[in-house]
Amino acid sequence: SSPSKRRIETDVMKLLMSDYEVSLVEDSMQEFHVRFFGPPETPFAGGEWKIHVELPDQYPYKSPSIGFLNKIFHPNIDELSGSVCLDVINQTWSPMFDMINIFEVFLPQLLRYPNPNDPLNGEAAALLMRHPQEYEAKFVDYVKRFATKEAADAASGKKEDDDEDEEMEEMSDAGSYGSDDEALDMEH
């Protein structure tokens, strides 16, 4: 097997044996989800995210792609897709890093020191530069609303289907109320 493949297996095994909660996507060593907690002593503390990680075939010489599956408000993270700005990763990434560094060093630093000059979320970047208090209030609100254990558990990475699923659930609930009433009517 190639050096990249061996390196991927080594890094992912280290991550699997660490304290992080990791789930492989379709048993692939190159695509998985990791539960990530907001770093302590930051306004993100207490937040919980599910992170989607994809490792390129050229890993570790090419940086992994990283995405937040539940919402986060941050200048360098796309609010809709959750993807982390690749430039930001590539500036920090080195083949010396392994997967654990991403969750212990890279993501905490990204949250602590956003770079509004290279934004994926223009609104967050503008707020951070012009109205830092409003920026902080908004991302703290996002942490409370979207960075919960429930939100992280529910985050699957299928962004487009979310609205449809909710509508379908509401419709099926409505359908089941109707059928219960009919069952009651038939007994009388």
Side-chain angles (χ1 to χ4, degrees), residues 1-42 44-115 118-121 124 139 142-143 146-162 165:
S1 87
S2 71
S4 280
K5 276 266 181 282
R6 282 200 298 274
R7 174 65 191 266
I8 287 171
E9 286 168 13
T10 308
D11 280 14
V12 174
M13 285 311 296
K14 270 207 278 195
L15 190 61
L16 286 166
M17 293 185 320
S18 73
D19 294 336
Y20 291 97
E21 187 182 313
V22 181
S23 49
L24 301 180
V25 174
E26 293 169 11
D27 290 330
S28 164
M29 285 275 189
Q30 283 179 254
E31 189 182 355
F32 46 89
H33 297 139
V34 179
R35 191 176 294 273
F36 173 71
F37 296 92
E41 285 104 56
T42 71
F44 292 96
E48 198 169 314
W49 289 270
K50 191 184 276 185
I51 308 287
H52 177 248
V53 180
E54 227 168 311
L55 303 181
D57 293 336
Q58 302 86 341
Y59 177 88
Y61 304 101
K62 206 165 165 251
S63 65
S65 91
I66 300 174
F68 283 73
L69 293 180
N70 38 329
K71 272 190 176 182
I72 185 166
F73 188 71
H74 188 286
N76 308 112
I77 302 170
D78 184 301
E79 187 176 344
L80 290 175
S81 71
S83 58
V84 175
C85 181
L86 277 175
D87 291 349
V88 175
I89 297 176
N90 290 337
Q91 284 160 17
T92 330
W93 182 254
S94 134
M96 305 293 291
F97 278 163
D98 65 17
M99 287 288 92
I100 291 186
N101 294 124
I102 287 186
F103 298 97
E104 287 181 354
V105 179
F106 176 74
L107 285 175
Q109 278 184 341
L110 178 72
L111 295 186
R112 276 195 184 98
Y113 310 110
N115 175 5
D118 188 12
L120 272 179
N121 180 334
F139 82 67
Y142 266 57
V143 170
F146 303 114
T148 60
K149 182 180 189 323
E150 294 71 31
D153 288 344
S156 65
K158 296 190 180 74
K159 291 270 183 259
E160 302 80 43
D161 307 339
D162 286 355
D165 289 349

| said: Considering only residues two or more places apart or on different chains, which pairs with a residue in residues 25-35 satisfy salt bridge (charged side-chain N to carboxylate O under 4.0 Å, His left out)? | reply: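 Pairs touching residues 25-35 that pass the test: Glu21-Arg35, Arg35-Glu48, Arg35-Asp153.
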Side chains of [X] and [Y], heavy atoms from C-beta outward: is any pair under 4.5 Å?
| X | Y | value |
| --- | --- | --- |
| Arg112 | Pro108 | yes |
| Leu24 | Val12 | yes |
| Ile51 | His33 | no |

Rounded to the nearest 0.5 Å, what separation is found between the [atom1] atom of [X] and the [atom2] atom of [Y]?
| X | Y | atom1 | atom2 | result |
| --- | --- | --- | --- | --- |
| Met13 | Asp98 | CE | CG | 13.5 Å |
| Ile77 | Asn121 | CD1 | CG | 9.0 Å |
| Leu107 | Gln109 | CG | CD | 10.0 Å |
| Ser18 | Ile100 | OG | CD1 | 4.5 Å |
| Ile8 | Gln58 | CD1 | CD | 9.0 Å |
| Glu9 | Leu16 | CD | CG | 11.5 Å |

Side-chain ([X]) to main-chain ([Y]) donor-acceptor, under 3.5 angstrom:
| X | Y | answer |
| --- | --- | --- |
| Asn101 | Phe106 | no |
| Asn70 | Lys50 | yes |
| His74 | Phe139 | no |
| Asn76 | Cys85 | no |

Provide the closest heavy-atom pair for [X] versus [Y] in the form atom of the first, atom of the second, distance.
| X | Y | value |
| --- | --- | --- |
| Pro75 | Asn115 | CB-O, 4.3 Å |
| Leu69 | Ala155 | CB-CB, 3.5 Å |
| Ala45 | Pro40 | CB-CA, 4.0 Å |

| request: List the steps and the verdict of side chain to side chain contact (heavy atoms under 4.5 Å, CB included) for Leu111 and Ile72. | output: CA-CA 10 Å; Leu111 295 186; Ile72 185 166; 3.6 Å; yes
Can you name the residues that form a side-chain hydrogen bond (donor to acceptor under 3.5 Å, both in side chains) with [X], not counting sequence neighbours?
| X | value |
| --- | --- |
| Asp11 | Arg7, Tyr59 |
| Ser83 | Ser81 |
| Lys62 | none |
| Asp57 | Gln30 |

| query | Can you check side chain to side chain contact (heavy atoms under 4.5 Å, CB included) on Lys14 and Met99, steps first, answer last? | reply | CA-CA 8 Å; Lys14 270 207 278 195; Met99 287 288 92; over 6 Å; no
| request: Report the residues that fulfil side-chain contact (heavy atoms from CB on, under 4.5 Å) with Ala147, sequence neighbours left out, ordered by chain and then residue number. | output: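 With neighbours one apart ignored, the set is Trp49, Val143.
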| request: Let me see the working for Ile89 and Val84 under side chain to side chain contact (heavy atoms under 4.5 Å, CB included), right down to the final yes or no. | output: CA-CA 8 Å; Ile89 297 176; Val84 175; 3.9 Å; yes
| From Tyr20, Phe97, Phe32, residue fulfilling ring-ring contact (aromatic ring centres under 6.0 Å, His included) relative to Phe103 |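 With Phe103 as partner, Tyr20, Phe97, Phe32 yield a single ring-ring contact (aromatic ring centres under 6.0 Å, His included), made by Tyr20.
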| field | Residue that, paired with Phe73, satisfies ring-ring contact (aromatic ring centres under 6.0 Å, His included) out of Tyr142, Phe146, Phe44 | value |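 The residue from Tyr142, Phe146, Phe44 that satisfies ring-ring contact (aromatic ring centres under 6.0 Å, His included) with Phe73 turns out to be Tyr142.
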